[in-house]
S.K.: 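Please read through the structure below; I'll follow up with questions.
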Amino acid sequence: VSMSCQKRRRMSEKYSRTEASIPTQVLKEGEDDSSLATTAKIRLTLQEESLISTILNAIDYLQKGKIDGYAARPVVVRIAGGWVRDKLLNRSTHDVDIVIDCLSGVDFAKILQAYLKLTVPNEVKRIGVIAANPNQSKHLETATMVVKGIECDFCNLRAEEVYSDTSRIPTTRFGTPLEDSQRRDFTINSLFFNLQTQLIEDWTGQGLTDLLESKLLVTPLDPFTTFQDDPLRVLRAIRFSIRFNFNLDKNLMIAMSSKQIHDALVVKVSRERVGKELEGCLSGKGAKPTKALRLIGDLHLSRSVFLLPSIGKIEGELLEQTYVTENQSDAWEISKLSMKSVELVDSVHVADSQVKCLLDTRLLALTAYLLPFRKLSYVGQKLKQLSIVEFMIREGIKFKNKDVRAIMLLIENVDKFRALSKNDEQSRETIGMLLRTTKDLWVTCLFLAGILESAIESAQDLYIMIARMKLDMSWKNPPLLDGRIMIQALGLPKGPLVGTFMEAQVRWTLNNPEGTKDEVLEHLKQYQQKLESK
């Protein structure tokens, strides 16, 4: 550590007394703030009051030399980032990032744990440690611990890393509050709440204005510097701008569109982190999947987010032409434009409100975005042809297997729904079997076909027709005869043949919705005779 605790604290106190600290009203749960004119108001829950009290008491124990293994010393502790932002916006928040001026996060967590052992042993929780990994833009070792029922992350104030010519491992030191705030992603996330002074600190001098007045997403430093520090921040910018309905700063958007930053996103950031940030854009409070994906398209980020295989020959059709790399840009442009159709689906009035329950807008938007690539495959291991879209979801953004299966199911059946919408004479059996294949995703697949055909109204009409035929929930209907009864009545051997007869029963039931058990059994006996006569 190149700077002493006392020197850092003198710098901290200097800035706190001048430009950083803001008059702050801290309200306890239930207190009224209607008569307060203070710019910054923080309303604490009972849990948060208890957490802060516990931390301050632990600091008091440390300063009095009551924590074994740690010399008595003054410590300044702040809550940073998202918690402060959300509190100032009067939004609920569930985790807390805590920064310490002259101790590592692991050391302070151990001090807090030791204090709990001395005072309330039954509340002692395990400390987790997340290692630093600068190559993946994870710059600080972080300790995690649940305190008073709140998930807390602990780390020291961060300064700029210094790299030598002979090593990729940076030289690090504890930072000042000003340095730490400048290394954060956006000014709205650079605010601190000082636990000892009970004041909001705005070291960039912009955070509070950008958050509460300008409603603008700005980086504390030059945006190229901020995004090179952690390229994942381009996706975070999209998420925050949508979640809070904030505008993106002009210079921010220029940097976000930079190929240099896009390449860094591929090289420096793990695909798991990319997928997690993308998921934050697609789901959760305030998410708008179509707006997020359209922004990704506007900023030419699609290639860096979803990725195509770097090995293995890509084959198939893209935009109804034999695949060539140059066609990718046009395909991504169509992906972006398709988001307008997805928004139209969401705004269409459907007579049966159940469509809103069955329509998965997240999957609809994501699958529609990748539809132009659905006819592409690549040669993977063991010379097996594999889907490009499956690669994008499974490897490009590391989504869960459940999402991979759902998206592939939609893509494999979208053309069948397109054919369905073009033929007014489709049988109950054809419709019902398609619904039984797609199950609870059938409405999503139906409107996906409408997007592909630029015929949203036709998809809506087909939905109404299916509902009137009382087939909309047919995929949930149990068979009239279960497998055991069918085996006994027909003398079937256990095995694949049972599945064949079960499908024959389902098809007959779809065509004969008023049919009885006796009638379906008679049909199956006739079906059995035909099979045996072949």
Side-chain angles (χ1 to χ4, degrees), residues 350-360 363 367 402 405-450 452-453 455 458-534:
V350 179
D352 189 338
S353 61
Q354 191 173 10
V355 70
K356 294 296 182 183
C357 299
L358 290 174
L359 184 66
D360 190 324
L363 282 178
T367 310
K402 179 182 177 182
R405 289 192 297 268
I407 290 171
M408 293 312 298
L409 184 69
L410 291 171
I411 283 177
E412 289 162 4
N413 289 280
V414 66
D415 287 327
K416 296 175 184 177
F417 273 100
R418 291 173 72 191
L420 205 63
S421 63
K422 294 176 182 178
N423 189 343
D424 295 332
E425 303 300 323
Q426 294 285 5
S427 67
R428 290 178 57 88
E429 178 185 329
T430 301
I431 296 171
M433 293 304 292
L434 185 52
L435 266 58
R436 290 183 73 87
T437 298
T438 49
K439 296 183 172 60
D440 57 341
L441 290 174
W442 80 265
V443 172
T444 304
C445 200
L446 168 64
F447 281 100
L448 189 66
L452 203 54
E453 287 291 310
S458 296
Q460 177 189 359
D461 292 341
L462 181 55
Y463 171 83
I464 294 171
M465 184 192 79
I466 290 172
R468 286 175 178 170
M469 294 171 74
K470 297 184 178 179
L471 286 170
D472 51 325
M473 301 301 288
S474 60
W475 54 277
K476 280 189 171 184
N477 295 339
L480 291 172
L481 304 175
D482 63 30
R484 181 181 58 81
I485 293 174
M486 200 168 58
I487 288 172
Q488 290 177 350
L490 299 174
L492 298 175
K494 292 182 179 179
L497 190 60
V498 176
T500 301
F501 275 83
M502 188 63 76
E503 181 178 329
Q505 178 189 181
V506 168
R507 290 180 180 275
W508 184 89
T509 305
L510 287 168
N511 286 322
N512 300 274
E514 304 299 326
T516 65
K517 290 183 179 181
D518 290 339
E519 289 171 336
V520 73
L521 183 57
E522 181 60 31
H523 168 74
L524 291 176
K525 287 178 179 178
Q526 293 174 12
Y527 178 72
Q528 186 177 35
Q529 290 173 1
K530 288 181 182 179
L531 289 180
E532 291 174 350
S533 65
K534 289 182 180 180

S.K.: Just wondering, do Leu510 and Asn477 contact through their side chains at under 4.5 Å, heavy atoms?
M.R.: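 No. Closest side-chain heavy atoms not under 4.5 Å.
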S.K.: In Å and rounded to the nearest 0.5 Å, what is the CE to OG1 distance from Met408 to Thr367?
M.R.: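 So the gap between those two atoms works out to 10.0 Å.
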S.K.: Applying salt bridge (charged side-chain N to carboxylate O under 4.0 Å, His left out), which residue pairs with at least one partner in residues 461-470 are found, sequence neighbours left out?
M.R.: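 Residue pairs with at least one partner in residues 461-470: there are none.
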S.K.: Could you state the interatomic distance from CG (Leu446) to NZ (Lys416), rounded to the nearest 0.5 Å?
M.R.: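 Separation between the atoms: 15.0 Å.
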S.K.: Tell me the closest heavy-atom pair linking Trp475 and Leu435, and the distance in Å.
M.R.: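 Scanning both residues, the minimum pair turns out to be CB-O, 3.5 Å.
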S.K.: Stepwise, does the side-chain contact (heavy atoms from CB on, under 4.5 Å) test hold for Ile431 with Trp442?
M.R.: CA-CA 10 Å; Ile431 296 171; Trp442 80 265; over 6 Å; no
S.K.: Kindly state each residue pair satisfying salt bridge (charged side-chain N to carboxylate O under 4.0 Å, His left out) with at least one member in residues 482-498, sequence neighbours excluded.
M.R.: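 As it turns out, there is no salt bridge (charged side-chain N to carboxylate O under 4.0 Å, His left out) pair with a partner in residues 482-498 once direct neighbours are skipped.
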S.K.: Against Phe501, only a single residue in Leu524, Ile487, Leu481 fulfils side chain to side chain contact (heavy atoms under 4.5 Å, CB included); can you say which?
M.R.: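 Single pass found, and it is Leu524.
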S.K.: Go through the structure and list residues passing salt bridge (charged side-chain N to carboxylate O under 4.0 Å, His left out) with Glu503, not counting sequence neighbours.
M.R.: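 Partners of Glu503 under the salt bridge (charged side-chain N to carboxylate O under 4.0 Å, His left out) test: Arg507.
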S.K.: Would a distance-only check, ignoring hydrogens and angles, find a side-chain to backbone donor-acceptor pair under 3.5 Å from Arg428 to Met469?
M.R.: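 Yes: the side chain of Arg428 pairs with the backbone of Met469.
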S.K.: Where do Gly450 and Ala459 come nearest, in terms of heavy atoms and distance?
M.R.: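 Residues Gly450 and Ala459, closest heavy atoms: CA-CB, 4.1 Å.
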S.K.: Does some side-chain heavy atom of Leu490 sit less than 4.5 Å from a side-chain heavy atom of Tyr527?
M.R.: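 No, their side chains stay 4.5 Å or more apart.
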S.K.: What distance separates Ile464 CD1 from Gln460 CD, expressed to the nearest 0.5 Å?
M.R.: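 Answer for the CD1-CD pair, Ile464 versus Gln460, is 5.0 Å.
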S.K.: What distance do Asp440 atom CG and Cys445 atom SG have between them, rounded to the nearest 0.5 Å?
M.R.: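 Separation between the atoms: 11.5 Å.
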S.K.: Is there a side-chain contact (heavy atoms from CB on, under 4.5 Å) between Ile407 and Leu363? Walk through the geometry before answering.
M.R.: CA-CA 7 Å; Ile407 290 171; Leu363 282 178; 3.8 Å; yes
S.K.: Which heavy atom of Trp508 sits nearest to which heavy atom of Gly515, and what is that distance?
M.R.: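 Closest approach of Trp508 to Gly515, heavy atoms only: CH2-CA, 3.6 Å.
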S.K.: Identify the heavy atoms of Ala504 and His523 that sit nearest to each other, and give their distance.
M.R.: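 Taking every non-hydrogen atom into account, O-NE2, 4.1 Å.
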S.K.: As an exercise, state the distance from CZ of Phe417 to CG of Leu462, rounded to the nearest 0.5 Å.
M.R.: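 Answer rounded to 0.5 Å: 8.0 Å.
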S.K.: Assess the residue pair Thr437 and Leu409 against the criterion (side-chain contact (heavy atoms from CB on, under 4.5 Å)); give the C-alpha distance rounded to whole Å, side-chain angles, the decisive distance to 0.1 Å, and a yes or no.
M.R.: CA-CA 9 Å; Thr437 298; Leu409 184 69; 4.3 Å; yes
S.K.: With rounding to the nearest 0.5 angstrom, report the CD to CD distance, Gln529 to Glu532.
M.R.: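 Separation between the atoms: 7.5 Å.
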S.K.: Looking at Arg436 and Ser474, what are the two nearest heavy atoms and their distance?
M.R.: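 Closest approach of Arg436 to Ser474, heavy atoms only: NH1-O, 3.3 Å.
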S.K.: Knowing that exactly one of Asn511, Asn512, Thr509 qualifies, which makes a side chain to side chain donor-acceptor pair (under 3.5 Å) with Glu429?
M.R.: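 It is Asn511, the one option of Asn511, Asn512, Thr509 that forms the side chain to side chain donor-acceptor pair (under 3.5 Å) with Glu429.
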S.K.: Given side-chain contact (heavy atoms from CB on, under 4.5 Å), test Leu480 with Thr516 step by step and report yes or no.
M.R.: CA-CA 7 Å; Leu480 291 172; Thr516 65; 5.9 Å; no
S.K.: What is the minimum heavy-atom distance between Met486 and Val498, and which atoms define it?
M.R.: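 Closest approach of Met486 to Val498: CE-O, 3.7 Å.
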